Amino acid sequence: MSSLQSPADSTAPVSNFIRSIIDADLASGRHDSIVTRFPPEPNGYLHVGHAKSICLNFGLAQDYHGKCNLRFDDTNPEKESEEYAQSIQDDVRWLGFQWEGQIHWASDYFDALYAFAEELIGKGLAYVDDLTPEQMREYRGTLTQPGRNSPNRERSVVENLDLFRRMKAGEFADGARVLRAKIDMASPNINLRDPAIYRIRRAHHIRTGDKWCIYPMYDYTHCISDALEGITHSICTLEFEDHRPLYDWVLDNLNVPCHPRQYEFSRLELQYTLTSKRKLLQLVNEKKVTGWDDPRMPTIQGMRRRGYTPEGIREFARRIGVSKGENNVDMVVMEGAIREHLEAIAPRVAAVINPLKVTLTNFDGAGAREADFHPQHPEFGKRIVPISRELYIEADDFAEVPPAGWRRLTLGGEIRLRHSYVMRCDEAVKDAAGNVIELKCSLDHATLGKNPEGRKVRGVIHFLAAEFALPAEIRLYDRLFTVASPDADKEVDFCTYLNPESLQVVQGWVEAAVKDAPPETHYQFERLGYFVTDRRDHQLGDRLVFNRTVTLKDSWTKEQA
RNA sequence: UGGGGAGUCGCCAAGUGGUAAGGCAACGGGUUUUGAUCCCGUCAUUCGCAGGUUCGAUCCCUGCCUCCUCAGCCA
């Protein structure tokens with residue numbers, strides 16, 4: 001299967017404004033090669049928005065034969081954990097990317113960061129402030145009013161240095177003092193109104209343990225980390241756009257090896273889901289989903305368990321592009337990209353989700369037939385499609401009173417049993433309430449592997465020979481929310497839009513060919529959709545559990561509506 | 001109503017002084033033992049609005065409108 005050319009990866013890169021900047025930098029000789037980085041904070045699981053960023057940063061490095069670092073932004077020990085850091089590494093690798101050399105951590109630079117802070121103090125560009133958080137907020141001003149200088153702003157270099165060293169030494173209580181950059185309290189850009197760059201926090205850090213009781217802030221840490229790693233293009237999302245002057249201010253005022261440039265692109269909004277870490281965490285904590293890897297979650301772990309493939313997700317990223325405009329992407333774009341890859345790699349197999357029993361009244365003499373696992377790929381192999389006196393067909397494939405355009409089974413009508421005989425329905429057996437509970441049908445014995453003579457049979461339905469079918473748990477997933485933008489209205493709790501039908505578990509039947517499939521095996525259940533054996537609960541040869549990844553395109557249902 | 005951004009087909013998105021790429025979706029048609037796939041075709045006289053410069057503007061200038069974003073000792 002490795003010889004297969006994946007359509008997802010065979011397409012040329014799509015032009016975007018960041019590539020234009022890189023092209024210009026390379027052409028002008030500003031850079032000989034590029035270095036990017038993917039800088040997650042290990043405080044949660046990665047989601048589809050991160051997938052976009054991963055594809056961008058690692059993809060750029062790949063296309064331009066440059067490098068991409070994985071760097072953990074671990075400057076807030078209270079929220080970070082080893083578990084998150086581990087899952088992030090797994091996710092990046094699973095998506096098909098490999099970072100350059102060792103993993104980097106912002107905490108690797110804590111000593112350097114501290115020294116740079118003393119450099120700033122020495123230059124009179126940073127000072128220790130004793131204001132409380134509330135006071136700082138008051139002094140900061142508002143969007144339309146300038147801030148006021150802190151009474152501590154004019155402390156001497158000597159005093160600041162002494163105070164900062166004592167902060168580091170643990171002489172002050174948590175939150176008692178901060179180190180602030182001395183920029184401009186009247187700046188129209190609030191990020192420049194003397195931002196805090198160090199705070200006192202006695203928290204156990206996942207890598208440095210209890211070595212530090214002061215921790216650097218993001219804005220101060222990120223730009224220096226970039227510079228120390230020789231990053232050429234530091235790519236982040238739009239909300240950091242007005243932090244860029246601060247990014248540049250820090251690097252302009254410190255003796256750093258280089259000055260990377262920051263560029264911002266718009267973050268992904270995927271309809272019918274959420275990409276807020278806080279809200280995803282809430283779904284997990286409140287047990288609205290079974291965990292971070294619930295197949296309904298837009299996390300990479302969730303998408304993986306759902307049956308999305310790295311190739312499909314990468315193709316999705318390629319299709320949505322990179323820009324600074326609104327990026328409100330319809331779920332069908334993701335589904336289309338996933339289908340495209342699954343269409344190419346998934347063996348076809350039969351499964352019945354909602355069984356209706358069929359008894360063949362003229363079964364004697366009927367035989368099995370071999371069928372390809374994939375109509376376009378004979379190299380996928382074949383298996384026997386058996387038949388037995390009793391069959392299961394999909395209840396939806398029979399209608400006593402068929403609507404116009406119906407091509408499936410109806411009383412007195414004929415259909416082709418996929419990979420088997422043409423079958424006519426002779427009688428519908430009903431229960432006391434009038435529900436059809438069984439069909440009596442007959443085979444045209446002359447139609448195995450050939451068309452009947454003198455008439456055309458248009459409809460094809462799938463079926464399972466009851467004697468050989470395997471029972472399976474089938475989990476039918478649908479979108480998590482009932483509205484496109486569940487968090488659009490700040491007055492309404494997004495949980496009110498949770499889709500009560502986002503998961504439906506049914507006991508169905510699958511053909512015996514899937515019996516020994518390991519977890520994470522993709523199949524197309526013909527006429528139903530793409531399914532994957534569950535990563536966690538599927539046990540080969542024993543308990544079969546399938547997750548519906550995505551349905552097939554369905555022009556019939558659309559026509560009905 | 002301070003700062004920073006963005007407005008090109010239903011959604012995403014190239015183009016940027018020479019007369020609107022592409023993808024997704026949609027819609028027609030063909031093939032088909034999956035109403036799938038595949039194939040073929042259709043789909044912006046127009047680039048938020050109004051003026052101006054120019055032989056010529058989506059692209060340059062002016063004004064306006066709409067949307068996003070920023071007041072953590074989070075990232």
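Values in this document were obtained by computation on a predicted structure and should not be read as measured data. Below, chain A is the first sequence line, B the second, and so on; all start at residue 1.
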(request) Quick one: label A/Arg339 by what it contacts on the DNA or RNA (base, sugar-phosphate, nothing), any heavy atom closer than 4.0 Å. (result) nothing
(request) With RNA chain B as reference, determine whether A/Thr557 or A/Arg244 sits nearer its 5' end, using the nearest nucleotide of each. (result) A/Arg244
(request) Please give the nucleotide sitting opposite B/C38 as a Watson-Crick or G-U wobble pair, both distances under 3.5 Å, or none. (result) B/G30
(message) Minimum heavy-atom separation for A/Val128 and A/Asn152, please, with both atom names.
(response) O-CB, 3.8 Å
(message) Distance under 4.0 Å to a non-hydrogen atom of chain A counts as contact; along RNA chain B, which nucleotides mark the start and end?
(response) B/G2 to B/A75
(message) Categorize A/Asn16 for me: base, sugar-phosphate, or nothing, with a 4.0 angstrom heavy-atom threshold over every strand shown.
(response) sugar-phosphate
(request) Check every strand shown and say whether A/Arg140 touches a base, only sugar-phosphate, or nothing at a heavy-atom separation below 4.0 Å. (result) sugar-phosphate
(message) Restricting to ring pair (Phe, Tyr, Trp, His ring centres under 6.0 Å), what partner residues turn up for A/His419, sequence neighbours left out?
(response) none
(request) Indicate, with a heavy-atom threshold strictly under 4.0 Å, whether A/Thr142 touches base, sugar-phosphate, or nothing. (result) base
(request) Classify the nucleic acid contact of A/Gly405 as base, sugar-phosphate or nothing, counting any heavy atom under 4.0 Å across all strands shown. (result) base
(request) Using a 4.0 Å heavy-atom cut-off across all strands, classify A/Val460 as base, sugar-phosphate, or nothing. (result) sugar-phosphate
(request) Decide if atom CD of A/Glu453 counts as having more than 12 heavy atoms of other residues, nucleotides or ligands within a radius under 6.0 Å. (result) no
(request) Please figure out whether A/Met136 or A/Val329 has its closest RNA chain B nucleotide nearer the 5' end. (result) A/Val329
(request) Determine the contact category for A/Ile320: base if any of its heavy atoms lies under 4.0 Å from a base atom, sugar-phosphate if only primed atoms, P, OP1 or OP2 are that close, otherwise nothing. (result) sugar-phosphate
(request) Tell me the partner of B/C49, counting only Watson-Crick (N1-N3 plus N6-O4 or O6-N4) or G-U wobble (N1-O2 and O6-N3) with both under 3.5 Å; none if nothing fits. (result) B/G63
(request) May I ask you to say what A/Arg267 touches in the nucleic acid, namely base, sugar-phosphate or nothing, with a heavy-atom cut-off under 4.0 Å? (result) nothing
(request) Could you give me the CA-CA distance, side-chain angles and deciding distance for A/Val48 and A/Thr275, then say whether side-chain contact (heavy atoms from CB on, under 4.5 Å) is met? (result) CA-CA 7 Å; A/Val48 64; A/Thr275 47; 3.8 Å; yes
(message) Would A/Arg201 and A/Tyr215 count as a cation-pi pair here, with the cationic atom under 6.0 angstrom from the ring centre and within 45° of the axis?
(response) no
(message) Over all strands shown, is A/Gln376 touching base, sugar-phosphate only, or nothing at heavy-atom distances under 4.0 angstrom?
(response) base
(request) Give A/Thr221 one of three labels, base, sugar-phosphate or nothing, depending on what nucleic acid heavy atoms sit under 4.0 Å from its own. (result) nothing
(request) Can you sort out the partners of A/Tyr198 under ring pair (Phe, Tyr, Trp, His ring centres under 6.0 Å), two or more places apart, ordered by chain and number? (result) A/Phe164, A/Tyr220
(request) If B/C43 has a Watson-Crick or G-U wobble mate with both distances under 3.5 Å, name it; if not, just say none. (result) none
(message) Centre-to-centre under 6.0 Å for A/Phe531 and A/Phe525, is that the case here?
(response) yes
(request) With heavy atoms under 4.0 Å as the rule, sort A/Phe240 into base, sugar-phosphate or nothing. (result) base
(request) Hunt down the Watson-Crick or G-U wobble partner of B/G10, both distances under 3.5 Å, from any strand shown, or write none. (result) B/C24
(message) What contact category does A/Glu326 fall into here, base, sugar-phosphate, or nothing, at under 4.0 angstrom with non-hydrogen atoms?
(response) sugar-phosphate
(request) Report which part of the nucleic acid A/Pro39 touches: base, sugar-phosphate, or nothing (heavy-atom distance under 4.0 Å, all strands). (result) nothing
